[in-house]
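Notes follow once the structure below has been shown.
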Amino acid sequence: MDNPDIVYTKVDEAPELASASLLPIIQRFAAAAGVSVGTRDISLAGRIIASFPENLTKAQRQSDDLAILGELVKSPGANVIKLPNISASVPQLVAAISELQSQGYNLPDYPETPGTDAEKAIRARYDAIKGSAVNPVLREGNSDRRAAAAVKNYAQANPHSMGTWSSDSKTRVATMSAGDFRSNETSVTLTAAQSGTARIELVGRDGSVTILKEVVDFPEGTVVDATFMSARALNSFLLEQIEATKADGILFSIHLKATMMKVSDPILFGHAVKAFLKPVFDTYADDLAAVGANPNSGLGAVLESVQTSPKSAEILAAIDATMADAPPLYMVNSDKGITNLHVPSDVIIDASLPALIRAGGKGWGPDGKEADTVCVIPDSAYASVYDEAIKDCKANGALDPATAGTVQNIGLMAQKAEEYGSHPTTFEVPTAGTVRMIAANGDILHEHDVEAGDIWRSASTRQAPIEDWVQLAIDRQAIEGCEAIFWLDETRAHDAQLLNYVKPLLTKAGVSEKFQILAPREATRVSFDTIRRGETSIAVTGNVLRDYLTDLFPILELGTSAKMLSIVKLMQGGGLFETGAGGSAPKHVQQLVEENHLRWDSLGEFCALGESLKFLAQVKGNAKAKVLGDAVDLATQGILDHNKSPGRKVGQADNRDSHYYFALYWAQALAAQGDDAEIAAYFVPIAKALAENEAVIQAEIAAVQGAPAQIGGYFHSDADKTTAVMRPSSTLNAIID
Ligand SMILES: NC(=O)C1=CN([C@@H]2O[C@H](COP(=O)(O)OP(=O)(O)OC[C@H]3O[C@@H](n4cnc5c(N)ncnc54)[C@H](OP(=O)(O)O)[C@@H]3O)[C@@H](O)[C@H]2O)C=CC1
Ligand SMILES: O=C(O)CCC(=O)C(=O)O
Ligand SMILES: [Mg+2]
C-alpha cells in the first residue's frame with residue numbers, strides 16, 4: 001500500500017477521541033488540495049492485536065503498523081503526525097488484554113511468571129509492547145520543542161492560575177549521594193578497533209561466566225556508558241527517607257519514569273513498595289511469593305494478589321497497620337484511595353514534578369487535602385534540576401506566566417540515544433560478581449563489582465546523532481539569537497565524553513561564545529533567572545532532560561505541555577511532528593464517559609498539522625500544501641484570539657466545539673487567501689456554510705453534554721459509537737462530509 005502524503009497516527013485515550021472529530025475535517029480540507037492524509041494504528045490495543053495474528057480470526061487481524069512506520073521514518077519521504085499514545089505498565093497491559101478478550105479476541109493472558117517455553121515466548125511478545133515501545137521506534141531524529149510565538153503570547157495575555165510558594169515550604173527533593181547510577185557511571189568513546197560487536201558478561205565470585213548479552217553492535221565513535229544502582233544503597237536510602245518524611249510530618253512521594261525506563265524503573269518502584277511495607281514483606285515474604293505478589297507492578301497489584309492468599313485477612317491487617325505507622329502517601333486519587341505506590345505508571349516524573357511545582361509545592365494527601373511533600377528521586381543524575389527549581393520558587397515565589405520568558409529545547413534523541421535506549425542492556429544482577437562489557441577487539445570497556453539485585457545497565461549514543469544535535473542547536477540559536485546552554489556536567493562520565501564532541505564542533509562553526517556549558521543545577525538556576533526577566537533560553541540537552549524540561553517549563557509557563565510544538569527532524573530527511581509534549585490524559589476519557597464532555601485541547605494537533613503541511617510543501621514542492629499550512633496557522637491563531645479552546649467543565653464548550661471553530665477559521669483563511677484561486681473558490685461556500693450555521697452547530701453539540709456517553713471500550717473502543725459521540729452535529733457533518 002502506498003503511503004499517504006501525511007500519516008496521522010491512531011492512538012488511545014483522549015487524543016484518539018479527539019481524532020474522531022478532527023480527522024474527518026483534516027482529511028476533507030486536505031483532499032481539496034490533493035493532499036492525502038492516512039492513518040496508522042499505534043494504539044496499545046492495536047499493537048497487541050498485531051502481535052498475535054495466529055490467535056485471531058482473519059477479520060480481527062491487523063497489520064503491524066508500528067513496524068511499517070518504523071521503516072517509513074527512515075525514508076526521506078516520511079511525514080508523520082504523531083499523537084501521544086499509552087506507554088503501558090503491566091497493570092495497563094493486563095487490563096487492555098482482558099478488554100480485548102471480552103470483545104472476543106482469543107489472546108493469551110499476560111504470563112506474570114512464565115514457566116514453560118511457550119509462556120516465555122508469549123511474555124517476550126508482550127514485553128515488546130510494554131512501556132514506551134512506540135516513541136523510540138519513530139524518533140529517528142533529534143528533538144526541537146518550543147512554544148509557537150502565538151501560543152506563548154496567548155499564555156502571557158491569559159495567564160493560568162499558579163499555586164503560591166511560601167519560603168517556609170517543607171517540600172524538598174531527596175536523592176542518593178552514593179551507589180546510584182550517577183555515581184557509578186563510566187563512559188568511553190569507541191575507537192575503530194573497539195567498534196563492532198561487544199558482549200556483556202557476569203563473572204561470578206566463583207569464577208563462573210554468565211553471558212548477559214551476546215551481541216551489542218556499535219559503530220566507531222559511539223559513546224558507550226555503563227553503570228549500576230546498588231540495591232543495598234537504594235534500600236537504605238529509601239528507609240532513611242521514609243523515616244525522615246515521617247519526622248517532617250509531610251507527604252512521601254516517589255517519582256520515576258517506569259514507562260520510558262521500562263526495565264530499570266519498575267524494579268526501583270518495587271523496591272519503594274517493599275521499603276514502604278517493610279514489616280509486611282519481612283514477615284510474609286513466603287506467603288506473598290506464594291500468591292505471586294509482584295511489588296514491581298505496584299501496591300495495587302500486591303493487594304489484588306493478597307486477596308487469593310489463605311492468610312489474606314491477616315496480611316491485609318498487617319498492611320493497614322504498617323500504612324498507619326508510615327508517613328502519609330502522596331495520592332493519585334484520594335477519593336478512590338489510589339496512592340503513589342499503587343501503579344508504577346501513574347506518577348511519571350516528567351509530568352508529576354512540574355504539576356507539584358505549579359501547585360506551589362503541594363501534593364494531595366490521603367485526607368484529600370494539599371500538603372508539602374518529600375519528592376524522592378533515587379538517582380541523582382537529574383534530581384538537581386527539580387531541587388534547584390524548588391529552591392528558586394521558595395526564594396523568589398511562583399513563576400509569573402504573564403511575564404515569564406520561555407525555555408526552548410533541543411534534545412539529543414535520535415537512534416535510541418542515552419538512557420532511554422538502554423532496555424536491551426539493562427539487567428537485574430542474579431548473583432554477586434563483576435559485570436564486564438568487552439569490545440569486539442577484547443578490550444574491557446567497562447567493569448563493575450556488583451551484588452545480587454543490583455541494577456546494571458549500559459546506554460549508548462552514536463556519533464551521527466550527536467553531530468546532528470549540535471548542528472540543530474547551532475541553527476536554532478542562530479534563528480533566536482538568544483541565550484543557549486548545553487546542560488552538560490563536565491564531572492559526569494557520560495557528559496565528559498559528549499563534550500569531547502560538542503566543544504570542537506562549536507569551535508569549528510565559530511560559535512563557541514554563543515553557548516554556555518553548565519551542569520544541570522547551574523543551568524536550571526540560570527534558566528530560571530532568564531525567564532524571570534522575560535527572556536528566552538535554549539536548553540540543549542540529552543534525551544532524559546529533553547523529556548523532563550519539555551514538561552517542566554511548559555507546565556509552568558503555559559499551564560500544560562499539550563500546547564507545545566514538538567518537531568523531530570528525521571536524520572534521513574523526513575519529518576515527524578509530535579503533538580504537544582505530554583501524554584494521553586486518561587482522566588479526560590473518564591469525564592467524557594461520565595458526562596459527555598471532552599476537555600482535551602487539540603492545540604498541539606493544530607500546531608503539528610501546520611508544520612507538517614508546510615514541511616510537505618517544502619520537500620515535495622507542493623504549493624497547495626503551503627496554502628493549506630499557512631491557513632492552519634491562521635486558524636490556530638483564530639482559536640487563541642477568540643478563546644475557542646475547550647473549557648474544563650460540563651456545559652462549557654468542549655473539544656468538539658473547538659474543532660468546529662478550527663474548521664471555520666481554516667475555511668475562512670483558505671477562502672480569503674490570494675495565492676491559489678482554485679482553493680479559494682472551493683472554500684468560499686464551505687466557509688459560508690460553516691459561518692451561517694454557527695448557532696445550529698453549537699446547539700447540536702451542546703445538546704449532548706451532561707449524560708453518560710457510550711464508546712464501547714476503553715483501550716479498544718467501538719469506532720461507530722465513538723464517531724457518534726464525537727460528531728454529534730448533523731449540520732456540521734453534512735458540511736464536512
Ligand atoms: N508522547 C507520548 O506519546 C507521551 C505519552 N505519555 C503517556 O500518556 C499517558 C498519560 O500520561 P500522564 O503523565 O498522565 O500525562 P498527560 O500529559 O496525559 O496528562 C497530564 C495532565 O495534563 C493535562 N493535559 C495533557 N494534555 C492535555 C490536552 N491536550 N488538553 C488539556 N489538558 C491536557 C491534563 O490535566 P487535567 O486532567 O487537569 O485536565 C492531564 O490530566 C501515559 O500512558 C504516558 O505514558 C506521556 C507523555 C508523552
Ligand atoms: O514515550 C513515552 O512514554 C513518553 C514520552 C515523553 O514523555 C516525552 O517524549 O516527553
Ligand atoms: Mg515527557
Side-chain angles (χ1 to χ4, degrees), residues 9 11-19 22 42-44 81-89 91-93 95-96 130-139 142-143 145 151 160-161 255-262 265 332-333 343-356 358-359 364 409 411 413 416 420-421 423 541 543-555 558-564 566 568 576-592 597-608 645-649 654-655 658 715:
T9 58
V11 291
D12 335 78
E13 297 180 331
E16 186 52 23
L17 291 170
S19 292
L22 183 57
I42 54 169
S43 67
L44 176 58
I81 297 178
K82 153 74 175 66
L83 280 74
N85 62 289
I86 293 180
S87 290
S89 60
Q92 283 171 302
L93 183 58
K130 207 164 73 178
S132 303
V134 170
N135 283 323
V137 175
L138 302 187
R139 290 173 170 173
N142 291 308
S143 155
R145 286 183 176 179
V151 171
H160 59 277
S161 71
H255 305 260
L256 292 162
K257 185 86 185 181
T259 47
M260 294 201 89
M261 296 303 293
K262 66 176 176 181
D265 283 22
V332 170
N333 186 332
V343 182
S345 60
D346 271 354
V347 177
I348 310 181
I349 184 167
D350 57 339
S352 59
L353 269 160
L356 182 139
R358 183 185 53 190
W364 294 100
N409 183 271
M413 180 172 82
K416 306 183 174 68
Y420 283 174
H423 326 304
T541 70
N543 207 350
V544 174
L545 285 180
R546 165 201 65 76
D547 180 23
Y548 291 10
L549 300 191
T550 61
D551 262 345
L552 175 61
F553 289 108
I555 285 174
L558 315 173
T560 167
S561 60
K563 300 177 178 175
M564 297 294 282
S566 180
V568 185
L576 171 66
F577 304 91
E578 300 192 29
T579 80
S584 48
K587 275 187 284 180
H588 293 197
V589 186
Q590 209 179 324
Q591 188 180 19
L592 177 96
H597 177 89
L598 185 65
R599 69 182 191 268
W600 178 260
D601 187 340
S602 298
L603 203 65
E605 282 77 70
F606 303 155
C607 290
S645 291
R648 294 180 60 82
K649 299 222 166 78
D654 81 353
N655 178 266
S658 76
F715 294 100

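Both counts, for ligands and for their atoms, begin at 1 and track the order of listing. These values consider heavy atoms only, across backbone and side chains, with no hydrogens, waters or symmetry-generated copies. From a predicted model like this one, the values you see are computed outputs, not experimental measurements.
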Residue, atom name and distance, where the atom is the protein heavy atom closest to atom 4 (C) of ligand 2: M260 SD, 3.7 Å
shortest atom 1 (O) of ligand 2-to-protein heavy-atom contact is with N135 ND2, 2.6 Å
Can you tell me the protein heavy atom closest to atom 9 (O) of ligand 2 and the distance? R139 NH2, 2.8 Å
Ligand-residue contact atoms, ligand 1 with S87, heavy atoms, under 4.0 Å: 43 (O), 45 (O)
Atom 2 (C) of ligand 2: closest protein heavy atom, distance to 0.1 Å, is S132 OG, 3.2 Å
Any N, O or S atom of D551 closer than 2.8 Å to the Mg ion (ligand 3): no
Of all the non-hydrogen atoms in the protein, which one sits nearest to atom 10 (O) of ligand 2, and at what distance? D547 OD1, 2.8 Å
Counting both backbone and side chain atoms, is some N or O of T550 under 3.5 Å from an N or O of ligand 2? no
Are R599 and D654 ion-paired here, with the side-chain N under 4.0 Å from a carboxylate O? no
Proximal atoms of ligand 1 relative to T259 (non-hydrogen, under 4.0 Å): 45 (O)
Hey, does R599 come in under 3.5 Å of ligand 1, counting only N/O atoms on both sides? yes
Is there a heavy atom of K563 sitting under 4.0 angstrom from any atom of ligand 1? no
For A562, counting its heavy atoms only, list the atoms of ligand 1 lying under 4.0 Å from any of them. 26 (N), 27 (C), 28 (C), 29 (N)
Look at atom 42 (C) of ligand 1 and find which of D601, I348, D551 reaches it with the closest heavy atom. I348
